[in-house]
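When reading the values below, keep in mind they use all heavy atoms of this one structure, side chains included, and skip hydrogens, waters and symmetry mates. In each ligand, atom 1 is the first atom listed, and ligand 1 is the first ligand listed.
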Amino acid sequence: MTRVVVVGSINMDLVTLAPRFAEPGETILGERFLTVHGGKGANQAVAAARLGAEVALVGALGDDAFGEQLHAGLAREGVALEHVARIADCGSGTASITVAGGENHIIVVPGANARVTPAQVEGAQSVLSRADAILVQMEIPLDAIEATLRLGHRLGKPVILNPAPAQRLPVEWMQLARYLTPNQHELAILLGAGANEDFLSLMQRSPAPLVLTRGADGAWYRDGGEPAHQAGFKVEAVDTTGAGDTFNAALAVFLHEGLPTAVRKACAAAALSVTRLGAQGGMPTRTELDAFLAKAPTV
Ligand code: RIB
């Protein structure tokens, strides 16, 4: 069984479905409100577990009711939570999400996620040293991200850095990652590039091998040679929240099958994830993914 360790955030997603996005200063009536479990770290952990991996999460929750619910949800998914800290007198992370026309707007308040420390990451060394792949995103403090990259590298483990939400990072940190997995917008921020630069030229400037996600267009990847393209799988999008997380999880789970296969399976898993509401709602099981791929045209 593939072992994946995720170092990252855990949020309660406060989701409003609306006919469209409100303009600044405008009030509109929404259609439905729901609370669903999310956070990029937790989402990637759940997606990897559903795909059949043995998964441990390193992160932090508050001592509030959301913390209880999120902890119970992750435990139900079979994610090992020994390295998830419970922070006293602190709220759990939240994400206010508006979904309209299959797209989303998200504002994250980190709460306990801001209390993940380098010492906590180093304290998880025994778990990290047994991992086949390590996933880290950017909803936790930068020093904890750096600690994950350095420790993973020292242990000789492939670390996948999903730079979301993106901000500029030292080139040396990025070079510690086995793969960066930005979308085009995130890659431009990482490189300090202009908004109009073509994604293929951005890819050539990446300081580390990368897999660039392109939504419905699938993904481009580059590991040394020329960039290669994996087309997207056609589905009816209901909610794209968590698609990137599903992609990253599948990439980690299937990395041992080689990059082209892992990217193809990641695109398929991400496509399935957008067909249902909520970040974790549409994440496929291994059986669902296999059935989808068996019927899908060869793209
Ligand atoms: O990637 C989707 C996630 O981003 C949501 O679940 C939300 O919590 C934010 O972290």
Rounded to the nearest 0.5 Å, what separation is found between the [atom1] atom of [X] and the [atom2] atom of [Y]?
X	Y	atom1	atom2	result
Asp239	Asn104	CG	CG	6.5 Å
Met203	Arg205	CE	CZ	13.0 Å
Asn248	Asn43	CG	CG	11.0 Å

So if I count the atoms of ligand 1 from 1 in the order they appear, which ones are less than 4.0 Å from some heavy atom of [X]?
X	result
Gly38	6 (O), 8 (O)
Ala279	6 (O)
Glu139	4 (O), 9 (C), 10 (O)
Ala95	7 (C), 8 (O)

Strictly by modelled atom types, are Asn11 and Ser9 linked by a side-chain donor-acceptor pair under 3.5 Å?
no
Ignoring hydrogens, what is the shortest heavy-atom contact between Gly91 and Asp64? Give both atom names and the distance.
CA-OD2, 3.5 Å
Proximity flag Gly39 to ligand 1, non-hydrogen atoms under 4.0 Å
yes
Quick check: Ser9 and ligand 1, any N/O pair under 3.5 Å apart?
no
Please compare Asp245, Asn248, Thr240 and report which has the shortest non-hydrogen distance to atom 1 (O) of ligand 1.
Asp245
Starting from [atom], which protein heavy atom do you reach first, and at what distance in Å?
atom	value
atom 3 (C) of ligand 1	Asn43 ND2, 3.6 Å
atom 5 (C) of ligand 1	Asp13 OD2, 3.3 Å
atom 4 (O) of ligand 1	Lys40 NZ, 3.2 Å

Does the pair Asp223/Arg178 count as a salt bridge with the N-to-O cut at 4.0 Å?
yes
Asn162 (side chain) donor-acceptor with Gln137 (main chain) under 3.5 angstrom
no
